[in-house]
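Working notes for the structure below.
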Amino acid sequence: MIDGTGEHGRPADVAIEGGNIAAVGDLDGWRAETVLRATGLTVAPGFIDMHTHSDLALLLNPRAESKLRQGVTTEVIGQCGYSPAPAPAGRREAIRSHFGAWGQEVTWTWGSFGDYVSALRENGTSVNVVPVVGHSIVRAGVMGEDNRSASETDLAQLREAVAQALSEGAFGLSTGLIYAPGMFADTDELVAVAETLSPVGGIYFSHIRSENTALHEAIYEAIEIGRRAGVRVHISHLKAEGRANWGQTERVLAAIDKARTEGVDVGFDVYPYDAWNTSLAQLLPAWARVGGAAEIIGRLTDGETRARLLAEIAAEAEADPGRWGRRLLSSVTTDANRPLQGQTLAAIAEERGCSAPEVVLDLLVEERLDAGMVGFAMCEDDVRRVLSHPLATIGSDSASQAPYGILGESHPHPRTYGTFARVLGHYARDEQLFSLEEGVAKMTSRAADRLGLSDRGRLVPGAAADIVVFDADTVSDAATYENPHQYARGIRWVIVNGVVELDGEHHQDRRPGQVLPPPGQ
Ligand SMILES: [Zn+2]
């Protein structure tokens with residue numbers, strides 16, 4: 001048994017009563033209705049996925065297959081500035097359009113954040129959920145999609161909307177400062193909005209303004225927001241992107257350590273891969289991403305604007321030779337383009353007999369902007385340095401998916417299926433980057449402590465019975481960039497709130513997950 005604290009594993013029995021852990025230790029004389037014989041296996045607290053985009057996926061398929069089958073029992077949703085709520089009446093369709101095909105697929109019944117949380121709860125989920133409200137969506141609801149600064153009136157409304165979401169179940173606020181419209185906010189706006197977190201102890205999660213050339217400035221901005229607003233800061237998927245920035249994680253981690261000694265409570269999460277995954281539209285310059293989907297698509301087809309876009313995208317790629325061969329088209333939503341999923345943009349350009357920038361614009365039009373890409377842009381040394389830092393928590397940066405149904409039509413980054421098993425199998429066991437106990441602690445107690453979940457993340461009496469039982473010798477990720485819809489291996493049982501939800505290969509679909517209340521609510 002590994003208790004989640006980082007302490008050495010030891011032989012022990014675990015007794016569950018109701019949804020909680022009743023006892024841990026030598027329980028020889030105990031009687032139980034059900035006994036799971038885990039001899040030779042490792043029993044650990046269920047894993048906490050600190051950074052996910054399962055907001056709609058859990059409504060489309062509440063079984064959370066790709067996550068549960070890695071041992072994940074809690075998902076933090078609403079990240080990178082995007083939560084499906086609040087979606088005020090007049091802005092609902094515009095907000096819905098931020099969620100692509102899945103946004104059209106769900107029955108969109110909610111307006112307020114509280115209504116969305118109720119919808120999740122009523123639908124049921126296999127895993128627990130920690131909801132976070134997204135700044136881009138709040139801003140879209142108050143100010144629309146334009147590139148402008150917030151006025152005093154806007155600020156008051158933004159703050160009110162965030163405070164409302166916090167009172168209706170949000171654990172914090174997330175920003176996505178490379179995505180429209182969140183990227184149009186300046187630091188002062190973010191401080192003003194983050195201040196609403198302070199009275200309730202909410203967390204400021206941030207996909208920071210740059211993960212490449214302006215990485216340091218972006219880290220300092222996040223720290224400054226924490227300092228000025230008096231809130232905890234959590235940096236999402238920490239990395240150094242682009243060859244010119246490789247090695248920068250050393251300085252970045254030092255800046256984080258220093259901020260902590262100065263009293264700003266900064267933490268971060270990371271995924272164990274050297275490629276990122278984002279929307280294809282991110283290849284467009286900022287000016288072209290203003291105004292919402294219809295306006296953006298209009299620019300891609302307008303002769304003069306299109307020519308300007310092609311020139312800018314090509315110029316940017318020139319600084320990064322070979323870029324198009326390191327960018328895979330991940331998910332699309334049209335049947336016509338589905339065979340292209342998993343191919344590089346260079347290969348698609350060759351096949352179509354045009355340039356890569358033309359392919360980018362054409363695909364965005366054909367897919368109504370709803371297309372993803374994977375980029376190989378980080379170096380292994382940085383991935384290892386960030387993962388092994390004692391503050392690291394683990395976030396898959398992905399939605400729960402499944403190899404069947406509408407979720408199975410996509411071509412996701414393998415992290416969707418492999419993140420947690422990869423940390424345990426590849427990095428802890430095979431590479432010995434850290435001990436198995438330390439790997440488990442990153443996914444359990446460290447994450448629970450960041451979130452203020454005092455009754456999760458540790459196998460101790462009284463804690464919620466979120467438990468994973470795995471084979472430490474065989475646990476591994478099977479998903480690849482070519483073939484991503486592959487479940488992790490070596491996970492034997494997953495128990496959520498005392499209910500066995502995964503029994504070997506068999507998903508029980510009893511939906512024991514809860515939408516967790518923020519600390520103090
Ligand atoms: Zn992000």
Side-chain angles (χ1 to χ4, degrees), residues 49-57 67 75-84 98-100 102 130-140 171-185 190 194 203-215 218-219 221-222 225 233-242 245 249 252 266-284 286 289 327 330-331 369-378 382-383 386-387 392-401 410 412-416 419 447 450:
D49 191 339
M50 280 298 274
H51 187 97
T52 87
H53 295 288
S54 296
D55 306 67
L56 297 184
K67 302 293 180 72
E75 289 200 279
V76 182
I77 62 171
Q79 294 286 8
C80 297
Y82 293 110
S83 54
H98 279 283
F99 294 86
W102 292 0
V130 167
V132 170
V133 65
H135 164 260
S136 272
I137 293 305
V138 171
R139 199 179 203 269
F171 275 62
L173 172 76
S174 77
T175 55
L177 301 179
I178 66 162
Y179 300 114
M183 63 196 279
F184 306 135
L190 298 171
I203 307 165
Y204 175 73
F205 295 89
S206 188
H207 177 147
I208 57 178
R209 218 177 276 277
S210 167
E211 293 177 328
N212 42 56
T213 45
L215 173 62
I219 293 278
E221 182 188 35
I225 291 164
V233 175
H234 190 86
I235 294 164
S236 301
H237 40 65
L238 186 61
K239 64 171 83 70
E241 192 231 334
N245 304 296
T249 57
V252 163
V266 191
F268 60 87
D269 57 68
V270 55
Y271 49 78
Y273 294 88
D274 63 3
W276 45 246
N277 189 187
T278 192
S279 114
L280 189 66
Q282 287 304 112
L283 289 169
L284 299 176
R289 285 184 275 140
R327 297 287 182 274
S330 54
S331 291
L369 304 183
D370 191 7
M373 65 174 160
V374 163
F376 293 88
M378 284 83 83
D382 280 324
V383 174
V386 176
L387 269 176
T393 58
I394 307 300
S396 69
D397 193 7
S398 66
S400 274
Q401 301 215 16
S410 68
H413 189 299
R415 65 195 184 190
T416 306
T419 293
R450 285 303 292 163

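Order of listing sets the numbers, starting from 1, for every ligand and every atom in it.
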Please name the residue in the list H413, K67, R415, E75 that meets the side chain to side chain donor-acceptor pair (under 3.5 Å) test with S396.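 Looking at H413, K67, R415, E75, the match for S396 under the side chain to side chain donor-acceptor pair (under 3.5 Å) is K67.
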Side chains of Q79 and H237, donor plus acceptor under 3.5 Å: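 The criterion, which ignores hydrogens and geometry beyond distance, is not satisfied for H237 and Q79.
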Minimum-distance atom from the Zn ion (ligand 1) among N, O or S atoms of H237: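 The nearest such atom is NE2.
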To make sure I understand the geometry: which N, O or S atom in H207 is closest to the Zn ion (ligand 1)?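 This turns out to be ND1.
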Would you say H51 has an N, O or S atom lying under 2.8 Å from the Zn ion (ligand 1)?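 So H51 does not count as coordinating the Zn ion (ligand 1).
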Minimum heavy-atom separation for R139 and P181, please, with both atom names.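 Closest approach of R139 to P181, heavy atoms only: CD-O, 3.7 Å.
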Look at the aromatic rings of H51 and H53 and report parallel, tilted or perpendicular, splitting at 30° and 60°.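 Perpendicular.
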